[in-house]
2 protein chains.
Amino acid sequence: MTPPLPPESLTQRLADSGLRATPQREVIYSVLLRKRDHPTAEEVFARVKAELPTISLATVYNCLETLVQCELVRAVNFERSPTRYCPNLRPHAHFHDEQTGRTYDIDLPPAVLAEVNQVLPSGFDASSVEITFRGQARNAS
Amino acid sequence: MTPPLPPESLTQRLADSGLRATPQREVIYSVLLRKRDHPTAEEVFARVKAELPTISLATVYNCLETLVQCELVRAVNFERSPTRYCPNLRPHAHFHDEQTGRTYDIDLPPAVLAEVNQVLPSGFDASSVEITFRGQARNAS
DNA sequence: CTTGGAATTGGAATTATTCCAAAGAGCCAA
DNA sequence: TTGGCTCTTTGGAATAATTCCAATTCCAAG
């Protein structure tokens with residue numbers, strides 16, 4: 001498990017980008033940290049409303065985008081289904097269970113990451129790689 | 001370069017799924033083979049209209065989906081941008097150039113593929129992996 | 001205080017894709 | 001050949017996720 005980041009991290013990261021730590025941003029981020037099940041924007045919206053009943057969906061989209069910009073959160077896409085959000089900052093792949101639709105984080109050892117980057121011919125300069133598995137998880141995690 | 005598949009392959013693959021080889025399906029497939037630049041459905045639509053001026057966009061979507069089902073074509077998604085289509089059946093990754101938006105195929109040696117699959121903990125049974133690079137290509141291919 | 005930029009909000013707009021019902025085509029049996 | 005059956009195509013309406021926009025609201029600094 002990734003240890004939860006200390007709360008000053010949000011404020012700090014936002015400040016680094018010249019942005020403010022608003023209640024909306026804080027609650028959205030804490031919601032992501034609390035339940036790391038890769039929720040969609042709509043799901044985040046529903047969870048955040050418990051604490052901020054008047055928040056708007058547009059704000060949820062705005063804040064999620066902001067958190068992604070600040071690299072506090074990763075946006076995860078699977079085919080054309082709604083974008084999901086993930087506060088796991090360590091290098092990891094995603095496993096998409098075809099039956100349940102659930103998404104699992106799969107830790108990526110640096111060695112594998114290095115190996116994968118080897119496949120690029122010269123002339124290709126990658127700033128990031130994304131690895132997504134699809135299949136069946138008979139798992140409890 | 002992947003050698004172009006012989007034309008009977010389409011008919012055969014369709015027949016295997018109990019489907020017919022219609023002019024629409026044939027032209028769409030040939031358009032994909034002719035220019036392998038990962039076109040979107042709209043782009044395929046535009047190209048196909050040169051040969052079949054009365055084809056509809058719905059048909060393009062239908063046929064592309066059919067070709068994907070028959071495993072003659074791969075659907076490629078990058079973030080939430082429109083789905084692109086690719087007749088390269090060999091195992092390969094995609095490189096997405098951030099400047100130009102172009103997509104390149106990157107051949108995946110079986111060894112690397114095997115290595116990547118190693119990262120899955122027991123209990124995860126993957127039927128496919130997708131690897132996508134993002135970055136800059138100073139390339140001519 | 002006041003004021004300017006940042007942030008939020010609700011609703012309209014956009015966009016890719018799917019849905020749907022009607023018309024068209026191909027093929028087999030009578 | 002003529003139905004009749006199923007598969008396909010078609011155009012347009014519908015859907016769904018996301019973005020846009022203009023109007024507040026919120027702060028933070030002077």
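Sequence lines set the chain letters: A, B, ... in the order given, protein chains first and strands last, and positions in each chain run from 1.
Two residues, Val60(A) and Glu42(B), neighbour DNA chain C, and the one matched to the more 5' nucleotide by heavy-atom proximity is Val60(A). With the nearest nucleotide of DNA chain D identified for both Arg25(B) and Ser56(B), Arg25(B) has the one nearer the 5' end. Taking for each of Ala41(A) and Ala58(B) the nucleotide of DNA chain D with the nearest heavy atom, the 5'-most of the two is the partner of Ala58(B). Across the interface with DNA chain C, nearest-nucleotide mapping of Leu57(A) and Leu19(A) shows Leu19(A) to be the residue nearer the 5′ end.
Within 6.0 Å of the CD atom in Gln69(A), the count of heavy atoms belonging to other residues, nucleotides or ligands exceeds 12.
Between dA16(C) and Thr40(B), no contact under 4.0 Å exists linking OP1 or OP2 to a side-chain N or O. Residue Thr59(B) has a polar side-chain atom (N or O) positioned under 4.0 Å from OP1 or OP2 of dT10(D). Note on Ser81(B): every side-chain N or O is 4.0 Å or more away from OP1 and OP2 of dA16(C). Contact annotation: Thr22(A) side-chain N/O to dC26(D) OP1/OP2 distance is not under 4.0 Å. Close to dC26(D), at under 4.0 Å from its OP1 or OP2, lies no side-chain N or O of Gln24(A). Residue Arg80(B) has a polar side-chain atom (N or O) positioned under 4.0 Å from OP1 or OP2 of dT18(D).
Taking 4.0 Å as the cut-off between side-chain N and carboxylate O, Arg102(B) and Asp37(B) do not count as a salt-bridged pair. A salt bridge links Arg34(A) with Glu51(A): at least one charged nitrogen is closer than 4.0 Å to a carboxylate oxygen.
Regarding Leu64(A), its CG atom lies at a distance of 14 Å from the C1' atom of dT8(C), rounded to whole Å. dT8(C) atom C1' lies 16 Å from atom CD of Glu65(A), rounded to whole Å. In this entry the distance linking OH of Tyr61(A) with P of dA17(D) reads 7 Å, nearest Å. Between Gln69(A) atom CD and dT19(D) atom C1' there is a gap of 14 Å when expressed in whole angstrom units. Between Arg20(B) atom CZ and dG24(C) atom P the separation is 16 Å, expressed in whole Å. Rounded to whole angstrom, the span from the CZ atom of Phe78(A) across to the C1' atom of dA17(D) amounts to 17 Å. Nucleotide dG11(D) holds its P atom 12 Å from the CG atom of Leu52(B), rounded to whole Å. Leu67(A) places its CG atom 14 Å from the C1' atom of dA7(C), with the value rounded to the nearest Å.
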Applying side chain to side chain donor-acceptor pair (under 3.5 Å) to His94(A) and His92(A), what does each step give before you reach the verdict? CA-CA 7 Å; His94(A) 289 109; His92(A) 65 280; 3.0 Å; yes
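In this structure, Tyr104(A) has its ring center under 6.0 Å from that of Phe124(B).
Of the candidates dT10(D), dT9(D), dG5(C), dT10(D) carries the atom nearest the Ile55(B) side chain, counting heavy atoms from C-beta on.
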